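After the structure tokens below, expect a handful of questions from me.
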Amino acid sequence: MPDTISTNPTAAEVRDTVILGSGCSGLTAAIYAARSNLKPLVLEGHEPGGQLSITTLVENFPGWPEGIQGPELIENMKKQATRFGAELRMAHLSSIDLTKRPFALNLGKETIHTRTLIIASGASARWLNLPSEQALIGHGVSSCATCDGFFASGKEIAVIGGGDSAMEEALFLTRFAKKVTLINRSENFRASRIMLERAIAHPQIEFLHNTVVEEVLGVEEKDVRGLKLKNAKTGQQTELPVSFMFLGIGHTPNASAFKGMLDLDDDGYILTQGNVFPTINGQPIPGVFACGDIQDRRYRQAITAAGSGCMAALEVEKYLEEHGR
Ligand code: NDP
């Protein structure tokens, strides 16, 4: 793996850094890199603004005592980054070769060269992909119990899934909700025994097995009022009156483009050393950094994503300095 920055004279337009992803981590990296005069280019990818852009009120981001709407928080970060010289562009990465310097990012119609790369493309929550569910995201449909649990105070709600995420969400949501119905599409659980037993033992949690959601009710009212369910074994259809549906069916890290180029864990998250250094065969890759949910399956919070974005940008600065920039 080369550890020198190419001085190829044809690479006059080589950028100091390109950031993949415009969620909380990518934009924080952009703010720091821009303030270091690195004129970062942020490629917004397929989910501009990341997961915050599809949440409503964010009440746990420090500095906003009354909370702030997720999209507004992202918009503020974009303004802050561009104010210092970051450039944001709607583009998707088609391919990249991490063995050559400078890195060549193939964006389909154009190729961009960069000395360093910050991968901040995040993880996307899995959805059921029902039209009614998609229409009600932010109006009673959520994939983030930590973010939206408070709004379920005193209500009857549903959590979908049978893994640890679903158990954790269901248990967390009992702090707010009057009753939580956990809906699992089979009778088998992926959840660890301890989490499952805790959920089963909880008096506010009720289980529905072999049950799939066919429709989220409330599209016309723009507010969830119930779920149309079907028993996968008997075919029997029922309606469950609930005010919220939380998805706990997992996340997919947006790292498939790096398969074979970076070490990934079994679920496709980028493995990092020291939070932001990705590896290949256990060895760090000079000039490549990763931050945010794409390398964090544990915390997955806006503030931790922002923190690692800051770390990545500081490491970029250090790396460029060490290489004579
Ligand atoms: P998992 O892949 O473990 O579980 C996903 C669950 O969602 C499964 O029950 C699956 O059902 C269900 N599911 C998937 N797609 C659909 C769908 N379209 N419709 C209905 N149900 C669906 O994901 P998790 O996020 O729960 O966990 C991921 C990893 O993170 C695990 O290793 C877990 O242990 C870990 N984790 C640990 C926590 C902790 O220790 N506190 C907390 C959260 C996660 P099926 O089985 O039928 O496919």
Side-chain angles (χ1 to χ4, degrees), residues 47 50-51 54-55 60 122-137 140-149 157-175 180-202 205-217 224 226-240 242 244-256 263-272 292-302 304-305:
E47 214 173 75
Q51 291 183 60
I54 52 164
T55 19
N60 54 8
S124 303
R126 288 191 205 130
W127 301 96
L128 300 174
N129 288 322
L130 299 168
S132 52
E133 168 209 54
Q134 294 296 304
L136 287 165
I137 291 173
V141 171
S142 169
S143 62
C144 179
T146 331
C147 322
D148 298 326
I157 65 164
V159 172
I160 317 299
D164 279 337
S165 291
M167 300 307 137
E168 194 170 67
E169 289 202 357
L171 287 161
F172 174 77
L173 288 164
T174 57
R175 297 184 200 178
V180 179
T181 304
L182 199 141
I183 301 174
N184 186 19
R185 67 177 171 185
S186 72
E187 49 203 7
N188 304 315
F189 288 90
R190 291 193 199 213
S192 52
R193 179 173 279 254
I194 187 164
M195 298 281 281
L196 182 59
E197 283 177 357
R198 261 186 226 153
I200 290 172
H202 202 290
I205 302 178
E206 207 163 88
F207 281 71
L208 282 179
H209 304 290
N210 298 312
T211 303
V212 291
V213 178
E214 287 202 315
E215 190 186 339
V216 185
L217 305 170
V224 172
L227 303 178
K228 196 165 148 193
L229 305 175
K230 185 175 164 186
N231 185 298
K233 279 197 164 168
T234 64
Q236 193 192 0
Q237 288 180 316
T238 48
E239 279 190 17
L240 179 73
V242 286
F244 257 93
M245 176 175 85
F246 286 90
L247 278 302
I249 61 174
H251 284 78
T252 308
N254 301 315
S256 54
D263 293 329
L264 308 179
D265 75 7
D266 290 345
D267 293 319
Y269 286 86
I270 293 177
L271 290 167
T272 50
D293 285 9
I294 201 163
Q295 54 83 54
D296 170 23
R297 58 182 304 144
R298 190 174 176 85
Y299 300 107
R300 297 196 292 230
Q301 297 301 301
T304 49

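Every number for a ligand or one of its atoms is a count from 1 in the order of the listing. These numbers were taken from a predicted model, which means no experiment stands behind them. Side-chain atoms are counted along with the backbone in the values below, which use heavy atoms only and exclude waters and symmetry mates.
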| said: Please report the interatomic distance CD1(I205) to CZ(R198), rounded to the nearest 0.5 Å. | reply: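 Answer rounded to 0.5 Å: 11.0 Å.
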| said: Using ring-ring contact (aromatic ring centres under 6.0 Å, His included), reason through F172 and F246 one step at a time and then give a plain yes or no. | reply: CA-CA 12 Å; F172 174 77; F246 286 90; 8.9 Å; no
| message | With heavy-atom distances below 4.0 Å as the criterion, list the atoms of ligand 1 near G163. | response |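 Heavy-atom distances to G163 below 4.0 Å select 4 (O), 6 (C), 9 (O), 26 (O).
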| Contact (N/O only, under 3.5 Å) between E168 and ligand 1 |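 Yes, since at least one N or O of E168 sits under 3.5 Å from an N or O of ligand 1.
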| Which of the atoms of ligand 1 are close to G250, meaning less than 4.0 Å from one of its heavy atoms? |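 So the atoms of ligand 1 that pass are 25 (O).
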| message | Geometry only, no angles: is D164 polar-contacting ligand 1 at N/O separations under 3.5 Å? | response |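 It does: an N or O of D164 is found under 3.5 Å from an N or O of ligand 1.
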| What protein heavy atom sits nearest atom 9 (O) of ligand 1, and how far away is it? |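 Checking every protein heavy atom, the shortest distance to atom 9 (O) of ligand 1 gives G162 N, 2.9 Å.
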| task | Tell me which protein heavy atom sits closest to atom 19 (N) of ligand 1, plus the residue, atom name and distance to 0.1 Å. | result |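 Minimum-distance protein heavy atom for atom 19 (N) of ligand 1 reads L128 CD2, 3.4 Å.
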| message | What I want to check is whether the side chains of N231 and T211 have a donor and an acceptor closer together than 3.5 Å. | response |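 Side chains of N231 and T211: no pair found under 3.5 Å.
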| request: Take D267 and R297 through the test salt bridge (Lys or Arg N to Asp or Glu O under 4.0 Å) and record every step on the way to the result. | output: CA-CA 9 Å; D267 293 319; R297 58 182 304 144; 2.8 Å; yes
| message | Would S186 count as a polar contact of ligand 1, with the cut-off being nitrogen or oxygen pairs under 3.5 Å? | response |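 The answer is no, given that S186 and ligand 1 share no N or O pair closer than 3.5 Å.
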| task | Determine yes or no for a side-chain-to-main-chain donor-acceptor pair under 3.5 angstrom, with E133 supplying the side chain and N129 the backbone. | result |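 Yes; at least one donor-acceptor contact below 3.5 Å.
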| query | Would you say ligand 1 has an N or O under 3.5 Å from any N or O of R185? | reply |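 Between R185 and ligand 1, an N or O pair is found under 3.5 Å apart.
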| query | Is a donor on one side and an acceptor on the other found under 3.5 Å between the side chain of N184 and the backbone of E187? | reply |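 No, because the side chain of N184 does not come within donor-acceptor range (under 3.5 Å) of the backbone of E187.
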| Nearest neighbour in protein (non-hydrogen) for atom 24 (P) of ligand 1 |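 Of the protein heavy atoms, S165 OG, 3.2 Å lies nearest.
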| To the nearest 0.5 Å, what is the distance between CG (L229) and CD (E215)? |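 Rounded to the nearest 0.5 Å, the CG-CD separation comes out at 11.0 Å.
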| message | Looking at R300 and D293, would you say the former's side chain and the latter's main chain have a donor-acceptor pair under 3.5 Å? | response |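 A pair under 3.5 Å: no.
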| task | Give the residue and atom name of whichever protein heavy atom lies nearest to atom 12 (C) of ligand 1, and the separation in Å to one decimal. | result |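 Looking only at protein heavy atoms, the one closest to atom 12 (C) of ligand 1 is I249 CG2, 4.0 Å.
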| task | Report the member of R297, R190, R126 with the shortest heavy-atom distance to atom 32 (O) of ligand 1. | result |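 Closest candidate by heavy-atom distance is R297.
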| query | Is any N or O atom of M195, backbone or side chain, closer than 3.5 Å to an N or O atom of ligand 1? | reply |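 No; every N/O pair is 3.5 Å or more apart.
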